[in-house]
Amino acid sequence: MKIADTVIFLPLRILARLPLGALYVIADCVALTLRHIVRYRRNVVRKNLAESFPDKSPGELRDIERRFYRNFADYIFETIKLLHISDKEMSRRMTFDNIELVDRLLGENRSIAVYFSHCGNWEWAPSITLHTAFPPDRGAVYGQVYRPLRNQLFDTLMLGIRSRFGSHSYPKKSVLRELIREKRTGLPAMVGFMSDQKPSHGDTIHVISFLNHPTAVITGTETLARRLDMAAIYWDMEKVSRGHYKITNRLISDRLDDQPQYSVTDRYAAMLEQTIRRDPAIWLWTHKRWKHKITSADDETQQ
């Protein structure tokens with residue numbers, strides 16, 4: 001285990017010590033390799049883009065594709081950089097607008113369900129702890145839901161990266177139990193839910209129109225947030241420039257009990273679609289999001 005750790009992770013730690021400018025030179029080479037040589041899921045990317053934006057010309061779609069692979073390569077090396085980056089530099093590169101919303105809710109001892117997506121660099125988002133008035137594990141508990149990786153070495157690596165700024169990672173299968181335990185501490189919790197992929201098997205099917213597709217969306221986030229009486233906010237991600245991101249905290253609902261069922265999920269999906277249409281290249285188009293067709297809530301075919 002220790003030998004494997006050294007062989008695999010030592011080069012990553014050496015890379016992390018390079019300035020981001022140098023890493024972006026490597027990222028450009030990786031982007032070209034992924035797109036033109038390896039052709040990493042290129043057919044999936046092209047199909048997803050063409051079906052999502054039927055009004056765009058072939059040239060526009062190719063430009064989005066090109067920028068997507070560049071952003072994807074940036075994401076890889078920016079995530080490696082988390083192994084060696086100062087809090088000061090991170091707080092300058094990853095900023096948060098409307099942080100007052102977060103501080104207000106936490107100050108009212110309200111826990112928050114954060115609806116988030118695979119836009120920009122989602123691994124930098126836990127650095128919100130550098131911006132709030134409530135320090136981790138003293139003023140509030142911060143965390144994110146994750147699916148453990150099959151490879152134990154890389155799972156350990158990613159857990160370390162995701163705890164870099166004081167947040168906890170909760171396995172999806174046990175997140176409810178973990179959050180009930182956190183609630184007993186008396187501290188409010190702010191927890192991120194990546195809610196832009198296909199639902200898990202067994203989830204309640206709720207179908208919406210999303211990016212020109214009938215789409216079954218994740219409802220578990222709303223179900224859990226209602227059960228734990230959490231407020232719901234959306235993290236609207238923008239790539240301001242290379243190596244610089246901004247998240248705007250947008251309120252979805254202060255009190256979910258006052259909202260009709262799935263209305264919070266619907267509002268999140270509408271907000272996410274606006275984010276993607278604003279800059280399509282920052283979303284993760286390699287996922288087979290619409291692999292299986294679904295037409296209505298009565299269709300039992302899972303995506």
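We count residues from 1, following the sequence as given. None of the values given here were measured: they were computed from a predicted structure.
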Side chains of [X] and [Y]: closer than 4.5 Å at any heavy-atom pair?
{"X": "I233", "Y": "Y115", "answer": "no"}
{"X": "M90", "Y": "W124", "answer": "yes"}
{"X": "Y146", "Y": "K172", "answer": "no"}
{"X": "R110", "Y": "D254", "answer": "yes"}
{"X": "T275", "Y": "C119", "answer": "yes"}
{"X": "F210", "Y": "L272", "answer": "yes"}
{"X": "F116", "Y": "D196", "answer": "no"}
{"X": "D137", "Y": "H168", "answer": "yes"}

Residues, nucleotides or ligands: over 12 heavy atoms within 6.0 Å of R17 CZ: no
Counting only heavy atoms not in N43, do more than 12 fall under 6.0 Å of its CG? no
Between [atom1] on residue [X] and [atom2] on residue [Y], distance to nearest 0.5 Å:
{"X": "F9", "Y": "R13", "atom1": "CZ", "atom2": "CZ", "result": "7.5 Å"}
{"X": "I85", "Y": "F165", "atom1": "CD1", "atom2": "CZ", "result": "6.5 Å"}
{"X": "I76", "Y": "L23", "atom1": "CD1", "atom2": "CG", "result": "12.0 Å"}
{"X": "L61", "Y": "R46", "atom1": "CG", "atom2": "CZ", "result": "10.0 Å"}
{"X": "L18", "Y": "K81", "atom1": "CG", "atom2": "NZ", "result": "7.0 Å"}
{"X": "S86", "Y": "L130", "atom1": "OG", "atom2": "CG", "result": "9.5 Å"}

Quick one: which residue pairs count as a salt bridge (Lys or Arg N to Asp or Glu O under 4.0 Å) with a foot in residues 146-168, not counting sequence neighbours?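 Those involving residues 146-168 are D87-R164, E123-R162.
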Given salt bridge (charged side-chain N to carboxylate O under 4.0 Å, His left out), test E100 with R104 step by step and report yes or no. CA-CA 6 Å; E100 298 82 10; R104 174 180 69 80; over 6 Å; no
What residues, two or more places apart in sequence or in another chain, satisfy side-chain hydrogen bond (donor to acceptor under 3.5 Å, both in side chains) together with [X]?
{"X": "D74", "value": "K239, R242"}
{"X": "R39", "value": "none"}
{"X": "S167", "value": "Q144"}
{"X": "R227", "value": "none"}

Closer than 3.5 angstrom, by distance alone: can the side chain of [X] be matched with the main-chain N or O of [Y] as a donor-acceptor pair?
{"X": "T215", "Y": "H213", "answer": "yes"}
{"X": "S263", "Y": "Q259", "answer": "no"}
{"X": "D103", "Y": "A133", "answer": "yes"}
{"X": "R93", "Y": "H244", "answer": "no"}

Given the options R70, R35, R42, E65 meets side chain to side chain donor-acceptor pair (under 3.5 Å) only with R35
If you compare all heavy atoms of [X] against all heavy atoms of [Y], which two are closest, and at what distance to 0.1 Å?
{"X": "R226", "Y": "Y262", "answer": "NH2-N, 4.1 Å"}
{"X": "E60", "Y": "S57", "answer": "OE1-N, 2.8 Å"}
{"X": "I161", "Y": "T79", "answer": "CD1-O, 3.9 Å"}
{"X": "L101", "Y": "N249", "answer": "CD2-O, 3.9 Å"}
{"X": "A113", "Y": "F193", "answer": "CB-CE1, 3.9 Å"}
{"X": "P280", "Y": "I64", "answer": "CB-CG2, 3.9 Å"}

Would you please classify the geometry between the Y40 ring and the F72 ring as parallel, tilted or perpendicular, with 30° and 60° separating the classes?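 F72 vs Y40 ring planes: parallel.
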Please state whether the rings of H118 and H287 are parallel, tilted or perpendicular, taking 30° and 60° as the class boundaries.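 It falls in the tilted class, 30° to 60°.
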Name all residues meeting the side chain to side chain contact (heavy atoms under 4.5 Å, CB included) criterion together with P188; count only those two or more places apart in sequence or in a different chain, and write none if there are none.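 Side chain to side chain contact (heavy atoms under 4.5 Å, CB included) list for P188, sorted by chain: L106, N109, S111, A140.
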Can you list everything that forms a side chain to side chain contact (heavy atoms under 4.5 Å, CB included) with D279? Sequence neighbours excluded, please.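 If we apply the side chain to side chain contact (heavy atoms under 4.5 Å, CB included) test to D279, skipping adjacent residues, the hits are R67, A281, I282.
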Any link between [X] and [Y] through a network of hydrophobic side chains (Ile, Leu, Val, Met, Phe, Trp, Tyr) touching at under 4.5 Å?
{"X": "L82", "Y": "L15", "value": "yes"}
{"X": "I218", "Y": "I276", "value": "no"}
{"X": "M230", "Y": "M194", "value": "no"}
{"X": "L149", "Y": "V145", "value": "no"}

Dump the intermediate steps for side-chain contact (heavy atoms from CB on, under 4.5 Å) on L179 and V191, then the final yes or no. CA-CA 9 Å; L179 293 184; V191 184; 3.6 Å; yes
Which side chain to side chain donor-acceptor pair (under 3.5 Å) pairs, counting each pair once, include a residue from residues 181-191, with sequence neighbours left out?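 Found Y170-E182, E178-R181.
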Which residues pass the ring-ring contact (aromatic ring centres under 6.0 Å, His included) test with Y234, sequence neighbours left out? Y268
Note: D63-R66 ion pair, threshold 4.0 Å (strictly below):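 A salt bridge is present here (some side-chain N lies under 4.0 Å from a carboxylate O).
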Do T221 and S195 pair up side chain to side chain, a donor and an acceptor below 3.5 Å, judged on atom types alone? yes
Going by distance alone, is a donor N or O of one side chain under 3.5 Å from an acceptor N or O of the other, for W283 and S117? no
Applying side-chain contact (heavy atoms from CB on, under 4.5 Å) to T286 and V45, what does each step give before you reach the verdict? CA-CA 5 Å; T286 51; V45 172; 3.7 Å; yes
If a pair satisfies ring-ring contact (aromatic ring centres under 6.0 Å, His included) and one of its residues is in residues 17-37, list it, with sequence neighbours excluded. none
Residue pairs passing the ring-ring contact (aromatic ring centres under 6.0 Å, His included) test with at least one member in residues 73-98, sequence neighbours excluded, are Y75-W122, F96-H131, F96-W235
With D236 via salt bridge (Lys or Arg N to Asp or Glu O under 4.0 Å) - residues at least two apart: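 Expected list: R250, R278.
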Residue pair K198, K291: steps toward the side-chain contact (heavy atoms from CB on, under 4.5 Å) verdict: CA-CA 10 Å; K198 63 182 181 180; K291 181 179 179 180; 5.5 Å; no
Derivation of the side-chain contact (heavy atoms from CB on, under 4.5 Å) call for R277 and E273: CA-CA 6 Å; R277 290 188 179 278; E273 182 162 346; 2.9 Å; yes
